Amino acid sequence: MEFNETAYRSFRKELYQLARSRLGDHAASEDVVQDCFLRLARYQPGSIANIAAMLRRIANNLIIDQARAHRHHADEQAGNDFDPPADEPSQEHLLIQRERMEQVSRILDLMPAQRREVFLMRRLHGMSAKEVGAALHISPAAVDTHVARAVLTLHKELAACDETMNA
């Protein structure tokens, strides 16, 4: 089976339910689902015999990572009564981040207007799929589809930018 929109629609609900049952957090579960498909997109087309099994494996790994990060964060918060001063990022790091943001901005500008708006509302402003759908008069499923397509586009275009820079 090849990864496409049909595969996304087929597996999205199952992955969300798996993540939600283990994490108990809607936003974290949505992130796991999106990250599953983002990671799946990194594989060569046709290299995965069983996409469902691969997606479940990716989801389980992401859920474990989320649980570890949450536990680690809770341990840090319990052990720290104050916030340590943040280290200043280097000029090189700032320049690289600025360049990356410009690349992302250019990629977003090339997307269809509604997809860009949905992505920004969902990922940048942290709105739920239901809130975005209500604001734009589209279904939450359409919101999820727009976000998934935007994420895949960003991933592919950023990878192409990285290949160009490393060539």
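All of these numbers come straight from a predicted model, not from anything done at the bench.
- A distance-only check finds a donor-acceptor pair linking the side chain of R116 to the backbone of M111 [under 3.5 Å].
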(Q) E14 vs R56, test: salt bridge (charged side-chain N to carboxylate O under 4.0 Å, His left out). Steps then yes/no. (A) CA-CA 9 Å; E14 176 188 347; R56 282 190 291 275; 2.9 Å; yes
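- Looking at heavy atoms from C-beta onward, V118 lies in side-chain contact with I138 at the 4.5 angstrom threshold.
- In this structure, the side chain of T145 engages the main chain of A141 through a donor-acceptor pair within 3.5 Å.
- In terms of hydrophobic clustering, with Ile, Leu, Val, Met, Phe, Trp and Tyr side chains grouped at heavy-atom distances under 4.5 Å, L95 and V104 are assigned to different clusters.
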Q: Verify side-chain contact (heavy atoms from CB on, under 4.5 Å) between H146 and V132, making sure each step is shown before the conclusion.
A: CA-CA 11 Å; H146 279 296; V132 174; over 6 Å; no
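- Counting only heavy atoms from C-beta outward, the side chains of V32 and L15 never approach each other to under 4.5 Å.
- In this structure, R98 CZ and Q91 CD are separated by 8.0 Å, a value rounded to the nearest 0.5 Å.
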(Q) Could you walk me through whether V147 and E30 satisfy the side-chain contact (heavy atoms from CB on, under 4.5 Å) test, starting with their C-alpha distance in whole Å, then the side-chain angles of each, then the deciding distance to 0.1 Å, before giving a yes or no? (A) CA-CA 11 Å; V147 171; E30 287 287 345; over 6 Å; no
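- In this structure, A129 and V143 approach most closely via the heavy-atom pair O-CG2, 3.6 Å.
- Each of F119 and L152 belongs to its own hydrophobic cluster when Ile, Leu, Val, Met, Phe, Trp and Tyr are linked at side-chain heavy-atom distances under 4.5 angstrom.
- Here CE of M121 is found 9.5 Å from OG of S128. Values are rounded to the nearest 0.5 Å.
- To the nearest 0.5 Å, atom CG of residue L40 and atom CZ of residue R57 are 14.5 Å apart.
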Q: Go through the steps for D35 and V151 under the test side-chain contact (heavy atoms from CB on, under 4.5 Å), then give the verdict.
A: CA-CA 9 Å; D35 289 343; V151 168; over 6 Å; no
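- Between L62 and R39 the shortest side-chain heavy-atom distance falls below 4.5 Å.
- Applying the ring-ring contact (aromatic ring centres under 6.0 Å, His included) rule to pairs touching residues 16-36 yields Y16-H26, sequence neighbours excluded.
- Closest approach of A41 to H155, counting heavy atoms only: CB-CD2, 4.3 Å.
- With rounding to the nearest 0.5 Å, the separation of CD in E99 from CD1 in I96 is 8.0 Å.
- With hydrogens and angles left out, the side-chain atoms of R100 and Q103 include a donor and acceptor closer than 3.5 Å.
- Contact check for F37 versus L55: side-chain heavy atoms found under the 4.5 Å cut-off.
- Residues I64 and R22 form a side-chain contact, since some pair of their non-hydrogen atoms from C-beta on lies under 4.5 Å apart.
- With rounding to the nearest 0.5 Å, the separation of CD in Q97 from OG in S90 is 9.5 Å.
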Q: Under the side-chain contact (heavy atoms from CB on, under 4.5 Å) rule, what do R106 and L110 come out as? Steps first, then yes or no, please.
A: CA-CA 7 Å; R106 282 192 300 270; L110 295 174; 5.7 Å; no
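- Put simply, CD1 on I58 and CD1 on I48 are 6.5 Å apart, with the number rounded to the nearest 0.5 Å.
- Note: the hydrophobic cluster containing L158 does not contain M101 (ILVMFWY, side chain heavy atoms under 4.5 Å, direct or indirect links).
- Nearest heavy-atom pair, A19 versus S29, reported as atom, atom and distance to 0.1 Å: C-OG, 3.4 Å.
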